[in-house]
Amino acid sequence: MRVGDQSLEEKALETVLTLLGTLMIVATLLPLARLDDWWIRIFDFPRLQIAAVSSVVLVLMMLVRDGSGAAQNLWLAALAACTVYQAYRMHPYTALHGKQVRDSERATPDTTLSVLCANVQMNNRNAAGLCRLVEENDPDLILAAETDRWWQQALQQLERSHPYTVQQPQDNTYGMLLYSRLELLDPRVKFIVEEDVPSIHARVRLRCGQDVVLRCLHPRPPAPGESSRATERDAELLRVGKEIAALQEPAVVCGDLNDVAWSKTNDLFCAVSGLLDPRIGRGFFHTFNARWPLVRFPLDHVFHSPHFRLIEFRRLRDWGSDHFPVCIRLSFEPDAAMVQDAPSASPQEQQEAAEKIDKC
């Protein structure tokens with residue numbers, strides 16, 4: 001049976017595509033409101049999925065649509081614009097964009113700093129799997145997030161090779177354990193914004209004697225069952241960012257930040273802190289969710305000051321957690337700051353950061 005020039009099946013498909021495309025338009029526009037509600041900010045995450053669905057809808061709609069009315073053409077243009085915008089936001093994290101961090105060509109053991117970051121998923125009990133990854137990658141620093149006292153006991157063996165530690169086990173999925181074979185100076189646990197969400201603050205001394213500011217973070221995400229808004233997460237990141245900028249020293253910030261690389265908060269953090277993102281020009285490096293191949297986001301981050309060039313940045317294999325770990329190797333090369341342009345915040349961005357911090 002046909003309705004006009006379309007079969008019932010084509011008409012039904014057009015209706016489904018219209019609804020799906022409209023949802024993609026709404027999902028693209030909502031985060032532009034700059035509101036902190038979780039149900040708005042959550043759409044910062046699936047840009048790749050939104051772009052993919054929008055592209056498929058565009059192609060199928062062109063094949064099945066009946067006629068070319070002004071309203072439908074306007075809808076198609078809006079959907080195409082949203083697809084282009086999502087691609088634009090993700091573009092820096094592809095090989096089509098220039099690398100923000102230069103590759104190192106003169107790294108030495110004395111100037112190298114390697115960090116392995118792993119969200120262990122608190123109820124996961126495969127500590128042996130994480131220890132194997134540590135043995136395989138031989139990092140200077142190991143940051144384990146979502147660690148309770150069971151994990152503290154299970155990872156105690158790491159203290160033999162990494163004797164400098166900061167341990168804050170908690171049973172609310174926000175515990176953190178830091179192990180280092182390099183000396184840690186003035187290590188402290190702080191609760192920057194929320195009284196049950198810790199962060200680790202220290203300086204790490206490289207083999208060459210250079211001290212590096214280290215901040216390990218795992219803020220609470222805007223999500224059902226976690227937080228009704230992104231305010232606290234954003235404020236924690238931006239407070240650390242402003243602190244790093246004020247110090248003007250070699251620095252590394254790492255952890256499961258519960259934010260994606262292409263969010264406005266991520267851009268604002270880099271602008272305020274002046275830190276570089278080694279993924280720019282290299283890839284997405286999706287780390288969550290290890291169980292869902294089609295729905296993954298880059299949530300685990302390592303940022304650093306322009307004093308470093310990159311030796312290697314890798315996402316490691318699945319080992320039992322819902323997060324893939326990441327491992328980075330940096331080379332401390334002070335002259336790199338002369339050729340690697342650090343981001344800087346405009347007056348408007350400084351004001352926006354101040355307003356977000358003042359909300360907490």
Count I, L, V, M, F, W, Y as connected when their side-chain heavy atoms are under 4.5 Å apart, and connections chain through other members. Are Val295 and Met90 then in the same cluster? yes

A side-chain contact here means heavy atoms from C-beta on lying under 4.5 Å apart; do Glu249 and Ser305 qualify? no

How close do Glu232 and Ser227 get, heavy atom to heavy atom, and via which atoms? OE1-OG, 3.9 Å

Side chain proximity check, Trp39 to Leu30, heavy atoms < 4.5 angstrom: yes

Using the salt bridge (charged side-chain N to carboxylate O under 4.0 Å, His left out) rule, pick out the option among Lys264, Arg229, Arg233, Lys356 that qualifies with Asp36. Lys356

I need the minimum non-hydrogen distance between Cys216 and Met176, along with the two atoms involved. O-CE, 3.4 Å

Can you check side chain to side chain contact (heavy atoms under 4.5 Å, CB included) on Asp110 and Leu206, steps first, answer last? CA-CA 7 Å; Asp110 285 349; Leu206 304 184; over 6 Å; no

What is the distance from atom CG of Asp358 to atom CD of Gln351, rounded to the nearest 0.5 Å? 8.5 Å

If you count every heavy atom of other residues, nucleotides or ligands that lies below 6.0 Å from Arg125 atom CZ, does the total exceed 12? yes

Suppose clustering is done on Ile, Leu, Val, Met, Phe, Trp and Tyr with side-chain heavy atoms closer than 4.5 Å. Which residues sit in the same group as Val84? none

If the condition is side chain to side chain contact (heavy atoms under 4.5 Å, CB included), which residues does Ala345 pass it with, not counting sequence neighbours? Ala271, Val272, Glu349, Gln350

Members besides Phe324 in its Ile/Leu/Val/Met/Phe/Trp/Tyr cluster (side-chain heavy atoms under 4.5 Å): none

Listed once per pair and sorted, the ring pair (Phe, Tyr, Trp, His ring centres under 6.0 Å) pairs that draw on residues 208-238, sequence neighbours left out: Tyr174-His218

Examine the side chains of Arg207 and Thr111 and answer whether a donor and an acceptor come within less than 3.5 Å of each other. no

Separation between OG (Ser104) and CD (Glu312), nearest 0.5 Å, reads 12.0 Å

Qualifying residues under salt bridge (charged side-chain N to carboxylate O under 4.0 Å, His left out), relative to Arg296, sequence neighbours excluded: none

Do Asp103 and Lys99 sit within salt-bridge range, that is, some charged N less than 4.0 Å from a carboxylate O? yes

Return a table of donor-acceptor pairs under 3.5 angstrom between the side chains of residues 22-29 and protein atoms on other chains or two or more places apart.
| from | atom 1 | to | atom 2 | distance (Å) |
| --- | --- | --- | --- | --- |
| Thr22 | OG1 | Thr18 | O | 2.7 |
| Thr22 | OG1 | Trp75 | NE1 | 3.1 |
| Thr28 | OG1 | Met24 | O | 2.9 |
| Thr28 | OG1 | Gln86 | NE2 | 3.0 |

Contacts of type salt bridge (charged side-chain N to carboxylate O under 4.0 Å, His left out), residue Arg106, not counting sequence neighbours: Glu333, Asp335

His301/Phe303 under ring pair (Phe, Tyr, Trp, His ring centres under 6.0 Å): CA gap, chis, key distance, verdict: CA-CA 7 Å; His301 308 248; Phe303 300 99; 5.6 Å; yes

Using a 4.5 Å cut-off on heavy atoms from C-beta on, say whether the side chain of Leu141 contacts that of Tyr164. no

Are any of the side-chain heavy atoms of Leu257 and Asn266 separated by less than 4.5 Å? no

Regarding Ser263 and Asp44, do their side chains bring together a donor and an acceptor under 3.5 Å, going by distance alone? no

Phe269 side chain near Glu236 side chain, heavy-atom distance below 4.5 Å: no

On a heavy-atom basis, the closest approach of Cys360 and Ala235 is SG-CB, 3.6 Å

What pairs of donor and acceptor atoms, side-chain ones from residues 51-60 against any protein atom, are under 3.5 angstrom apart with sequence neighbours left out?
| from | atom 1 | to | atom 2 | distance (Å) |
| --- | --- | --- | --- | --- |
| Ser54 | OG | Ile50 | O | 2.8 |
| Ser55 | OG | Ala51 | O | 2.8 |

Just so I know, are the side chains of Phe313 and Val302 near enough to count as touching, which here means a heavy-atom distance under 4.5 Å? yes

With rounding to the nearest 0.5 Å, note down the distance linking CG in Asp256 to CG in Leu299. 6.0 Å

Contact summary for Pro222 and Asn258, nearest pair of heavy atoms: CD-O, 4.3 Å

Show your reasoning for whether side chain to side chain contact (heavy atoms under 4.5 Å, CB included) applies to Arg203 and Asp186. CA-CA 7 Å; Arg203 292 175 186 269; Asp186 192 25; over 6 Å; no

Side-chain contact, heavy-atom cut-off 4.5 Å: Phe308 with Leu276? no

Gln170/Val197 under side chain to side chain contact (heavy atoms under 4.5 Å, CB included): CA gap, chis, key distance, verdict: CA-CA 9 Å; Gln170 296 184 183; Val197 178; over 6 Å; no

Can a side-chain donor-acceptor contact be found between Gln167 and Gln152 if the only test is distance below 3.5 angstrom? yes

Hydrophobic clusters join Ile, Leu, Val, Met, Phe, Trp and Tyr when side-chain heavy atoms are under 4.5 Å apart, directly or via other members; which others share one with Trp151? Leu116, Val120, Leu130, Leu133, Val134, Ile142, Trp150, Leu155, Leu158, Leu177, Tyr179, Leu316, Trp319

Does the side chain of Asp196 come within less than 4.5 Å of Phe191's, by heavy atoms? no

Distance, nearest 0.5 Å, that separates OH of Tyr93 from CZ of Phe285: 11.5 Å

Check Ile192, Val252, Val240 against Arg215 for a side chain to side chain contact (heavy atoms under 4.5 Å, CB included) and give me the one that passes. Val240

Please work out which of the three classes, parallel, tilted or perpendicular, describes the rings of Phe332 and His307, given edges at 30° and 60°. parallel

Ile311: which other cluster members, linking ILVMFWY side chains closer than 4.5 Å, directly or transitively? none

Taking salt bridge (charged side-chain N to carboxylate O under 4.0 Å, His left out) as the test, write out the residues that go with Arg181, two or more places apart. Asp138, Asp140

Drop me the distance from Asp234's CG to Leu268's CG, to the nearest 0.5 angstrom. 8.0 Å

Val101/His304 under side chain to side chain contact (heavy atoms under 4.5 Å, CB included): CA gap, chis, key distance, verdict: CA-CA 9 Å; Val101 179; His304 60 82; 3.5 Å; yes

For the backbone of His286 and the side chain of Arg315, can you confirm whether one donor and one acceptor N or O come within less than 3.5 Å of each other? yes

Considering all heavy atoms of both residues, which atom of Cys117 and which atom of Gly255 are nearest to each other, and what is their separation? SG-N, 4.2 Å

Under the salt bridge (charged side-chain N to carboxylate O under 4.0 Å, His left out) rule, collect the residues that match up with Asp211, sequence neighbours excluded. Arg205

Donor-acceptor contact present, side-chain Asn126 to main-chain Gly129, <3.5 Å: yes

Taking atom CZ of Arg314 and atom CZ of Arg329, what is their separation to the nearest 0.5 Å? 7.0 Å

